[in-house]
Amino acid sequence: MNPTLDTIHSLRSIHGGFTDRKVTEEDLATVLTAATRAANSSARQAYSIVVVQDTDRMDTLIGYRASHALVFCADFRRQALLAERLGHRFSNDDVIGFVTATVDTVLAAQTAVIAARSLGIDSLITNGLHRRPLDLVHRELGLPETSVFPLIALMLGYPEDDDQPAGGRLPVEAVVHRETYRDPDDAELDGLVAAYDDPARRLGLSGLWDRREFTHYLDWFFLQWCGEPDPDRVPTGTVKEFQDRLVRSGFWWPER
Ligand SMILES: Cc1cc2nc3c(=O)[nH]c(=O)nc-3n(C[C@H](O)[C@H](O)[C@H](O)COP(=O)(O)O)c2cc1C
């Protein structure tokens with residue numbers, strides 16, 4: 001191990017809550033600057049980071065409280081404004097552009113997580129934003145209607161319970177394929193089912209699975225947590241709102 005690997009292997013999400021202790025402006029600046037060092041497609045840095053310090057606002061918009069919330073948004077607006085400024089038209093707002101901007105954005109977010117941890121600051125990545133009305137998020141954060149989409153929030157701070165262990169991970173060989181993709185065979189699938197069942201591996205969502213009702217963790221996960229898929233389903237609720245927002249933002253074109 002070296003200090004970089006030590007930091008990466010010490011990463012953990014804080015589920016319980018953060019204390020009132022504030023991350024200093026100096027540390028915050030270090031984290032934000034490190035985040036912008038992540039690779040980005042076509043040197044565009046197709047993201048913006050909105051820093052929220054008011055804990056009540058965080059709670060309303062994201063559902064969590066911490067020292068700071070960083071809202072990472074896919075963002076082509078800067079590009080569009082630059083193009084306009086020079087009298088050009090800009091046309092990267094489409095679904096491929098959205099995926100590319102998403103990659104830029106999450107690379108920056110994860111780089112922020114690592115930088116924060118190296119400074120002794122803990123974090124929680126959360127998509128709590130997408131469990132809220134997206135219109136509210138857009139309005140409250142002053143996000144432009146087009147070319148900007150809030151993707152993920154990063155809560156930063158110091159945990160109330162410092163003993164929280166990181167979640168476990170699947171064995172590396174379960175997620176790595178050499179040269180070509182290969183489906184796991186039945187024996188490997190059974191091994192994974194057993195791995196999820198073993199509390200010591202901490203692979204599942206902690207504390208939610210009721211062992212008395214379900215034989216396997218994954219029985220609970222697929223039946224209760226995910227719910228039965230509906231083959232005729234039409235987008236409703238937050239899914240519909242998400243899709244509508246993507247269309248309004250210009251990142252997704254409805255079928256014509
Ligand atoms: C896209 C994304 C969304 C997440 N949303 C939440 C969330 O809303 N609430 C939460 O407690 N954890 C959330 N997490 C954190 C995961 O639960 C956590 O990474 C996982 O359980 C592994 O634990 P660890 O990070 O401590 O190793 C999210 C992580 C990701 C990548």
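Each ligand, and each atom within it, is numbered from 1 in the order the structure gives. Worth saying up front: this structure is predicted, and the values here are computed from it rather than measured.
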Report yes if some heavy atom in the side chain of H15 is under 4.5 Å from a heavy atom in the side chain of L124; otherwise report no.
yes
Side chain of R117, backbone of R12: donor and acceptor closer than 3.5 Å?
no
Using a 3.5 Å cut-off and no angle test, enumerate the donor-acceptor pairs between side-chain atoms of residues 191-198 and protein atoms at least two apart in sequence or in another chain.
| unit_1 | atom_1 | unit_2 | atom_2 | d |
| --- | --- | --- | --- | --- |
| D197 | OD1 | Y217 | N | 2.7 |
| D197 | OD2 | H216 | ND1 | 2.5 |
| D198 | OD1 | A200 | N | 2.9 |

For the residue pair V71 and I49, establish whether any side-chain heavy-atom pair is separated by less than 4.5 Å.
no
Is there a donor-acceptor contact under 3.5 Å from the side chain of S41 to the main chain of T100?
no
Kindly print each ligand 1 N/O atom paired with any protein N/O atom under 3.5 angstrom away, one pair per line, or none if nothing qualifies.
| unit_1 | atom_1 | unit_2 | atom_2 | d |
| --- | --- | --- | --- | --- |
| ligand 1 | 5 (N) | I125 | O | 3.4 |
| ligand 1 | 5 (N) | N127 | OD1 | 3.4 |
| ligand 1 | 8 (O) | Y64 | OH | 3.4 |
| ligand 1 | 8 (O) | T126 | OG1 | 2.8 |
| ligand 1 | 8 (O) | R131 | NH2 | 2.7 |
| ligand 1 | 9 (N) | Y64 | OH | 2.7 |
| ligand 1 | 11 (O) | H15 | ND1 | 2.7 |
| ligand 1 | 14 (N) | I125 | O | 3.1 |
| ligand 1 | 19 (O) | S13 | OG | 3.2 |
| ligand 1 | 25 (O) | S13 | N | 3.4 |
| ligand 1 | 25 (O) | S13 | OG | 2.6 |
| ligand 1 | 26 (O) | S13 | N | 2.8 |
| ligand 1 | 26 (O) | G167 | N | 3.2 |
| ligand 1 | 27 (O) | G167 | N | 2.9 |
| ligand 1 | 27 (O) | R169 | NH1 | 2.9 |
| ligand 1 | 27 (O) | R169 | NH2 | 3.1 |

With a 6.0 Å cut-off on ring centres, are F72 and F149 close enough?
no
